[in-house]
Structures are given as structure tokens and as C-alpha cells.
Amino acid sequence: MEFDKEYFESEDFRELLDSYETAATTGAYPFMDADDLIDIADYYNMIEEHDKAVNVVEHALQLYPNATLPNVFMAREALMTGNFELACQHADTIENKDDPDYHYLMAEIMIANGDIEGADEYLRNYGKTVSADEYIDFVKDCANLFIDYQVSDKAYEWMSRIKGNDRSTDFNELMARTLLGLGKFKESQILLNKLLDKDPFCKEYWNALANSQLMSEEYHDAITSSEYALAIDPKDTEALANKANGLANLSNFEEALKYYQRYIEIEPDNAYILFQSGACLVNLGRNEEALDVLLKALSLTPEDAEQLPILYQELAFCYNALKQFDKAMEMLDKTKDLDCDHVDVMVTRGHLQLGNGNVKAAQKSFIQAIADSESDPYVILRIAISLYDNAYIQACYDMFIKLFSVIWKNHPEFTEGYSYLALCCYELNKSDEFLKYLKLACEKDPLEAKSILAFLFPEEMEVKEYYRYMKELINSKSVN
């Protein structure tokens, strides 16, 4: 939801809010227009005081039971909990069925219920009744509705209906969000940078830019963008999460943990941030602390949450690190009836089995994962990496040579894995092969080469220099 922050900072609104709060503290809620009460509720939502917002709207419904905006507000509350029946009841209660907000609500109920095409048709039919001078705003409202529900392709269709040279701030904001949802990160960043040129003190733009950079794996840039947002508002939770996520993706778990903990100080019951914090603790080897944090995250995670399978896997890693292998397997077993990537879980199972010396069990799990994935190259890569991580270097090498030679030949678009094979050759003292695959790694996937092989080279060296440097180093050693 977009908030009118400029209005909320105005003297008129501050007087309105003061009048309401003064009366509310005495228990005598004031008589106000429905629209004014909804503005106050929106303000409370903006500052994340949701309970106060609901109280305001409930008061508005006592005064105006058939008013549009209070019923729209409560219908959306119902949609957030999946209560479609209650949402429809609030829609039916609205007296003015010609109000645009009524029509947006009806479309939103359809979208929330999964009827995307029905909502699109409903809005297109309603659009035929919208006057020409209001049509552009109508299109933007429709696009914004689909964006809120992450239906980015439909949002883009609606934005494409705006012809001419409309490049207003709100158009660019909506288009940037739409492009971000479509995975067009560079295009989104161009628009966000234009917006920032006009308003460099808008933390929302910096946060959106950081999100786009995180998704395009530009982690250093994402950290920088989040730092600008934090300079504007040190307690902005989105900026704290963005910086922490950027640091975690760079394996700087110690620093990432600090920012996750700052977030938790503000919102102690955010399951996702608790999970991320627990994952950092696991990577830092602070497993007792991690277990407490992850179990709290589990207690706050709904049974149908998408992140639940990942949380169970992280708990499995944590229990395994605490030498509680049976408990780790129990966590993985809990994913069997969940809607998740069961091949991914099977690879994790094999990895933990291998690490505990259960070679036959691990082999069975890995074979099952390869079969279920129909020999997906990425699954085979994960298994090969597991072999390396568990110090089965020769087996890892053999797997790359036997399987990946076929994959790389038949799937030229698949560029991952060369760095790991180069590393195997390095550890097995196969100098010629090491140089061969090092060169391919740097050419095919420089990001992977940097991530996996950087420890072999001077800290500031660019990937394109790796092969020349190592070839000279090996030749000099052979001469000596």
C-alpha cells in the first residue's frame, strides 16, 4: 500500500491526528468524517502501529456502517487472513456500489482468491465506464493492485496501456516495481536511479534499489544502497534486512548477524529474520544459540508458510552440528508432506549422511535425487560439492570427469562446476588439469571462480588474471 506521506507531514493532518488522539485518551472517540478516520488509520499503518489503525476503523464503522473506505479496510484485513467470506460481507455492506474503491475491492478479492483473469476482465469492463480524464489514474490503480499481489505480468500489461510521454514520478515508481517483479533488474535500477536523482532522501527508493541489487546478486551495491537508507532512518527495518542479507550473501556472517539483531530489537517476532539470524549463527559455529533462535522462528512460522521446508533443513544442519544426527533426520522427515523441492531435501539428507560416515545411505539418497530430478545438472553439481565438502576429493573428481564431461558437452549453457573441478585437481596435485579447468572456470563463470578459488590468489587480484598468475607460479616451482 502507498501512503501519502506528504499529507501526513502537513499541519492540517497533524491537527486532525492531535484532535483524535486527545479525545481517544479519554475514551471519548471524536465524531469525524469517515475519510479523515481512514487517513488516521493509514498513518498508524505507515508507522507500523497496526492495532491502533484497526481501532480507528472500528470506530469509523460504528459511525458509518455502510461507508466505503472503512469496509474496504476491514475487507483487506480479512483477505490477509484468508477469510474471503468476511471480505465479501464487508464488500456487500458498502452502500455506494459506484465508488471506484468498491470496484477495486471486488477485483482484489478475486486476485487474493487466485482468479487473476477474472479480476483482469472485471477491471477492463469497469474501465469502459471511466472518464477519459481519469483513465490514466485508473490504469495506475489497477497496475498497483496487481503489483501488491506480485502479479507482475498483469501489472506490466496495465502499465503498457498508458501511452504518450507520461513519465511522472508515480508512473516511474510503479514501473520500477513492476520491472523488479518481472526480474528486469537493470531496467528497474535505471528508473530508481532517476527517481533518486530527484529525491535522494527517499529511503523507499534506496530500499527498492537495494532489493533489485540483491536479486541481481550485486551484493556490494545492495549494501551501499541500504546504508543510504539507514543514514536517513537508522531504524528502518527493510534497510536493516537488506544490509544483513547483502552481508550474509558475501559470507560476512558476523556483520550480517549484527544487522539481523538490530532488526530483532525492533520486531522480535519476525520469523523470517529470526531464521536468517539462526542461519548466520550456524555458519559461525554458534550452534547452541542458533538452535534457540531457529526453534523460536519455527514456533512463529505458519504450517503453510513457503519458508517452512527451508527452516526444517536449517534445523537439520544445526542438530547435525550438535552431534544429534537422529534429530537432524527427524527435521528432514517433517518435509515429506510439505509442498517443497523434495529433491533438494534428498540431497541435504545425503550430505548429512555422508558427513556422518553413512556412505551407503548417502549413496542411496544421492541416486534417488538424481533419478527424481531426471539427472538435473544442478542436482548433480550439488552432490559433487557435497562429496568435496565431506573430503571425498577423489570421488568428487571422478563424478565431475564422468558425468560433467557429458553435461558440459550436451548443455553448453551450463557453466557451473568448473571451479570445483579445478579445486579437486589442485588438491590431487594434477597440475596440468588444474590449469586447464582453472582457465575454463574463469572464462565460463568468473563469479563462481572468484567465490571458490579466490583463496589461492592475492586478495585484490581480478579473476581474469588467475590463469596467468597460476601458470607462472606452477612453472616457476617446476623449474626450481
Side-chain angles (χ1 to χ4, degrees), residues 210-211 213-215 217-220 222-223 226 237-325 327-335 338 340-356 378 381-382 385-386 388-390 447-448 451-452:
N211 275 320
Q213 290 161 337
L214 283 172
M215 292 180 185
E217 299 182 357
E218 300 169 86
Y219 301 124
H220 291 287
I223 291 168
S226 65
T237 52
E238 186 176 0
L240 288 169
N242 284 338
K243 182 164 184 180
N245 289 339
L247 290 164
N249 277 291
L250 292 172
S251 299
N252 191 344
F253 301 113
E254 194 77 52
E255 281 298 306
L257 184 60
K258 293 178 184 178
Y259 286 91
Y260 286 132
Q261 289 175 336
R262 280 176 58 179
Y263 188 114
I264 291 167
E265 288 175 5
I266 300 168
E267 291 186 26
D269 293 332
N270 185 298
Y272 170 75
I273 297 298
L274 286 166
F275 161 69
Q276 293 292 96
S277 175
C280 282
L281 288 165
V282 170
N283 279 288
L284 291 168
R286 295 160 60 178
N287 297 298
E288 293 284 0
E289 295 175 68
L291 183 60
D292 290 339
V293 174
L294 291 171
L295 288 175
K296 181 177 180 182
L298 181 62
S299 71
L300 295 167
T301 303
E303 292 183 359
D304 59 348
E306 289 184 12
Q307 66 266 31
L308 189 58
I310 303 172
L311 178 51
Y312 278 132
Q313 288 191 72
E314 197 64 45
L315 275 163
F317 282 114
C318 188
Y319 277 120
N320 185 66
L322 291 168
K323 309 300 182 185
Q324 299 182 46
F325 177 72
K327 194 71 176 175
M329 292 297 102
E330 180 185 323
M331 292 298 103
L332 297 182
D333 288 342
K334 289 180 180 293
T335 68
L338 298 179
C340 66
D341 186 345
H342 293 285
V343 170
D344 181 62
V345 177
M346 188 62 68
V347 174
T348 299
R349 182 182 295 275
H351 177 74
L352 297 181
Q353 289 167 332
L354 193 62
N356 283 274
Y378 292 97
L381 176 60
R382 279 198 62 203
I385 293 171
S386 175
Y388 180 85
D389 288 344
N390 284 296
L447 286 176
E448 183 189 77
S451 173
I452 304 304

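Heavy-atom basis, side chains included; hydrogens, waters and symmetry copies ignored.
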Original post:
How would you list, by chain and number, every residue that makes a side-chain hydrogen bond (donor to acceptor under 3.5 Å, both in side chains) with Asp333, sequence neighbours excluded?
Top reply: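 Partners of Asp333 under the side-chain hydrogen bond (donor to acceptor under 3.5 Å, both in side chains) test: Arg349.
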Distance-only donor-acceptor hits, side chain of residues 285-297, under 3.5 Å, sequence neighbours excluded:
residue	atom	partner	partner atom	Å
Arg286	NE	Glu289	OE2	3.0
Arg286	NH2	Glu289	OE1	3.0
Asn287	ND2	Gly285	O	3.4
Lys296	NZ	Pro268	O	3.3

Minimal non-hydrogen separation, [X] against [Y], with atom names:
X      : Y      : answer
Leu338 : His342 : O-NE2, 3.0 Å
Ala210 : Asn242 : CB-ND2, 3.7 Å
Gly246 : Tyr219 : O-CB, 3.9 Å

Subject >> Contacts of type salt bridge (charged side-chain N to carboxylate O under 4.0 Å, His left out), residue Glu255, not counting sequence neighbours >> reply: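 With neighbours one apart ignored, the set is Lys258.
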Subject >> Results of salt bridge (charged side-chain N to carboxylate O under 4.0 Å, His left out) for Glu267 - residues two or more places apart only >> reply: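 Checked Glu267 against salt bridge (charged side-chain N to carboxylate O under 4.0 Å, His left out); zero matches.
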Subject >> Partner residues of Ala222 under the side-chain contact (heavy atoms from CB on, under 4.5 Å) criterion, sequence neighbours left out >> reply: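 Scan of Ala222 (side-chain contact (heavy atoms from CB on, under 4.5 Å), adjacent residues dropped) gives Gln213, Leu214.
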Could you go through residues 308-323 and list every donor-acceptor pair under 3.5 Å that involves a side-chain atom there, pairing it with any protein atom two or more places apart or in another chain?
residue	atom	partner	partner atom	Å
Gln313	OE1	Thr348	OG1	2.6
Gln313	NE2	Asp344	OD2	3.0
Asn320	OD1	Asn356	ND2	2.7

[atom1]/[X] to [atom2]/[Y] distance, rounded to the nearest 0.5 angstrom?
X      : Y      : atom1 : atom2 : result
Leu257 : Asn252 : CG    : CG    : 10.5 Å
Asn283 : Glu254 : CG    : CD    : 11.5 Å
Leu332 : Lys327 : CG    : NZ    : 12.5 Å
Leu352 : Met329 : CG    : CE    : 4.5 Å

Original post:
Which residue pairs pass the salt bridge (charged side-chain N to carboxylate O under 4.0 Å, His left out) test with at least one member in residues 300-312, sequence neighbours excluded?
Top reply: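 Non-adjacent pairs meeting salt bridge (charged side-chain N to carboxylate O under 4.0 Å, His left out): zero.
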Original post:
Do Leu240 and Ile266 have side chains that get closer than 4.5 Å, going by heavy atoms?
Top reply: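 In short, these two side chains touch, coming nearer than 4.5 Å.
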Residues 269-280 side chain polar contacts: donor-acceptor under 3.5 Å, at least two apart:
residue	atom	partner	partner atom	Å
Asn270	OD1	Tyr272	N	3.1
Asn270	OD1	Ile273	N	3.0
Asn270	ND2	Tyr263	OH	3.1
Gln276	NE2	Asn245	OD1	3.4
Gln276	NE2	Tyr260	OH	3.1

